[in-house]
Amino acid sequence: MTTLSPNTRGALLMMGSMAAFTMGDACVKAIGEALPLSQILVIRGSFASLFIALLAWRMGALRMSVPRQDGWLMLLRSVGEVGSSYFFLTALRHMPLANVTALLQMLPLTLTLGSALVFREPVGWRRWVSIGAGFIGMLLIVRPGTEGFTLYSVYALIAVGFVTVRDLATRRMSAAAPSLLVTLTSAVGVVIFAAAMSVGEPWQPLTPHLSWLLGGATACVIAGYTLSVLVMRIGDVSFIAPFRYTGLIFALLLGLVVFGDWPKALTLIGAAIIVATGSFNLWRESQLRRRAVAQAKMRRT
């Protein structure tokens, strides 16, 4: 029997995580306007938070103290998670699944841009060119000024901004902040926000069909969180990270099979540009990180 390498296992786990999150998004889209978004977020988030809390408790993450600076960053990360959940799922209910997912693939580019602007991290001309090309790909997807450009296109871009804030805050946290505890605080933050939002939105009764869809969305989110935690513990990040783009493939297939949607040619071209430039940024960052580690070792010797 052939034993899989850590990188292969990590890649498979990453693809599984992306498949789970995308299927969860498809379940939410299938629910549509039948349930208020706040009701979906409270129910889905409560079960997900309970699962993450149990996992964090089993792994001892709840007993660890967190430095004050990390505490503020965890709060900022929770704000990013809340904003991204609201704007992404609102856009998802009114836009094709593949279009929203493709825009979310801009994250490696916006993270590089945010790190340069906020943290003054050096960015070479190659990555600046790839960021510019990625934004051209984004424009091909949303096509401002055309009939297909709506308020929900803006919502999807705002979601990308909130996800960028979330991940930039995560990058600045120290190793003393347990990843499961960080994830738990963000999940609880979404539940609290959704519960407050639901005050003015009466909950709707759950039919068997809606219960299955909401249960599927919850199970997929839990599976996605679990697999993403396992990914962080296996293999080389620079090898595994590009497999996050398989989420776009799953979104294309689910959009076609479940909703009968297939993106226009310009959307596919834009998505391809985003994937290519994002993959280059991930590869370039890993090269620079390895070079920095090698130089640090040379100085010590």
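This structure is a prediction, so every number in the text was calculated from the model and none was measured.
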- prompt: What distance do Leu37 atom CG and Leu41 atom CG have between them, rounded to the nearest 0.5 Å?
  reply: 4.5 Å
- request: Using a 4.5 Å cut-off on heavy atoms from C-beta on, say whether the side chain of Val79 contacts that of Val82.
  value: no
- request: Report, as yes or no, whether the 6.0 Å neighbourhood of atom CZ on Phe47 holds more than 12 heavy atoms from other residues, nucleotides or ligands.
  value: no
- request: Taking all non-hydrogen atoms of both residues into account, name the closest pair between Ile274 and Tyr245 and its distance.
  value: O-OH, 4.3 Å
- prompt: Which of parallel (below 30°), tilted (30 to 60°) and perpendicular (above 60°) describes His94 and Tyr152?
  reply: parallel
task: Find the distance between CD1 (Ile222) and CG (Leu55) and round it off to the nearest 0.5 Å.
output: 10.5 Å
- request: Report yes if the side chains of Met95 and Thr90 come closer than 4.5 Å at any heavy-atom pair, otherwise no.
  value: no
query: Under a 4.5 Å side-chain heavy-atom rule over Ile, Leu, Val, Met, Phe, Trp and Tyr, are Leu111 and Phe243 clustered together?
result: no
query: So Leu214 and Cys27, side-chain contact (heavy atoms from CB on, under 4.5 Å) or not? Walk me through it.
result: CA-CA 7 Å; Leu214 188 52; Cys27 288; over 6 Å; no
query: Going from CG on Leu181 to CE on Met173, what distance comes out if it is rounded to the nearest 0.5 angstrom?
result: 9.0 Å
message: Show the nearest heavy-atom pair for residues Ser211 and Leu206, with the distance to one decimal.
response: OG-CB, 3.4 Å
message: Could you go through Val163 and Arg166, starting from their C-alpha distance and side-chain angles, then the distance that decides it, and tell me whether this counts as side-chain contact (heavy atoms from CB on, under 4.5 Å)?
response: CA-CA 5 Å; Val163 176; Arg166 181 197 70 186; 3.5 Å; yes
- request: Would you please test Thr110 and Thr164 for side chain to side chain donor-acceptor pair (under 3.5 Å) and show each step?
  value: CA-CA 6 Å; Thr110 56; Thr164 304; 2.8 Å; yes
query: How about Arg143 and Thr267: does a side-chain donor come under 3.5 Å of a side-chain acceptor?
result: yes
message: To the closest 0.5 Å, what do you measure between CG (Asn99) and OG (Ser153)?
response: 8.0 Å
- prompt: Regarding Ser38 and Ser198, is there a side-chain donor-to-acceptor distance under 3.5 Å anywhere?
  reply: no
query: Do side-chain atoms of Asp261 reach the backbone of Gly255 as a donor and acceptor pair under 3.5 angstrom?
result: no
- prompt: Given side chains that start at C-beta, do those of Trp203 and Val42 come closer than 4.5 Å, heavy atoms only?
  reply: yes
- line: For Ser49 and Val191 the tightest heavy-atom approach is OG-CG2, 3.9 Å
- prompt: Are Ile31 and Val258 grouped together when hydrophobic residues (ILVMFWY) are joined by side-chain heavy atoms under 4.5 angstrom apart?
  reply: yes
- line: Using a 4.5 Å side-chain heavy-atom cut-off and chaining through intermediate ILVMFWY residues, the residues clustered with Ile136 come out as none
field: Within one Ile-Leu-Val-Met-Phe-Trp-Tyr cluster: Ile273 and Leu104, side-chain cutoff 4.5 Å
entry: no
- prompt: What are the two closest non-hydrogen atoms of Gln204 and Pro36, and how far apart are they?
  reply: CG-CD, 3.8 Å
- request: Using the side chain to side chain contact (heavy atoms under 4.5 Å, CB included) rule, pick out the option among Thr246, Ile240, Leu227 that qualifies with Met15.
  value: Thr246
Side-chain donor or acceptor of Ser17 paired with backbone N/O of Gly224 under 3.5 Å: yes
task: Can you spot which of Leu252, Leu256, Leu254 makes a side chain to side chain contact (heavy atoms under 4.5 Å, CB included) with Leu97?
output: Leu254
query: Is Ser279 close to Val275 at the side-chain level, that is, under 4.5 Å between some pair of heavy atoms?
result: yes
message: Is there a side-chain contact (heavy atoms from CB on, under 4.5 Å) between Gln39 and Glu201? Walk through the geometry before answering.
response: CA-CA 8 Å; Gln39 183 177 355; Glu201 293 182 333; over 6 Å; no
query: Same hydrophobic cluster for Leu213 and Phe250, using side-chain heavy-atom links shorter than 4.5 Å among ILVMFWY?
result: no
query: Are Leu139 and Leu107 connected, step by step, through hydrophobic side chains (Ile, Leu, Val, Met, Phe, Trp, Tyr) whose heavy atoms are closer than 4.5 Å?
result: yes
query: Is the shortest heavy-atom distance from the side chain of Ser85 to the side chain of Glu81 under 4.5 Å?
result: yes
query: By ring pair (Phe, Tyr, Trp, His ring centres under 6.0 Å), which residues pair with Phe87, not counting sequence neighbours?
result: Tyr155, Phe162
field: Side-chain touch Gln69/Leu73, heavy atoms, less than 4.5 angstrom
entry: yes
- prompt: Would you say the side chains of Arg44 and Thr218 form a donor-acceptor pair under 3.5 Å?
  reply: no
message: Within 45 degrees of the ring normal and closer than 6.0 Å to the centroid, is that where the cationic atom of Arg172 sits relative to Phe119?
response: yes
statement: Smallest heavy-atom separation, Gly134 atom then Leu109 atom, equals CA-CD1, 3.5 Å
query: Rounded to the nearest 0.5 Å, how far does CG of Leu180 lie from OH of Tyr225?
result: 11.5 Å
field: Note, Leu92 side chain near Phe88 side chain (heavy atom, < 4.5 Å)
entry: yes
- prompt: Does Trp212 CH2 have over 12 foreign heavy atoms under 6.0 Å away?
  reply: no
task: For the residue pair Ile131 and Thr277, establish whether any side-chain heavy-atom pair is separated by less than 4.5 Å.
output: no
message: Tell me the closest heavy-atom pair linking Met23 and Cys220, and the distance in Å.
response: CB-SG, 3.8 Å
message: With a 3.5 Å distance limit and no angle check, can you tell me whether Arg77 reaches the backbone of Thr183 through a side-chain donor-acceptor pair?
response: no
query: Under 6.0 Å from the CH2 atom of Trp128, do we count more than 12 heavy atoms belonging to anything else shown?
result: yes
- prompt: To the nearest 0.5 Å, how far apart are CD1 in Ile158 and OH in Tyr86?
  reply: 9.5 Å
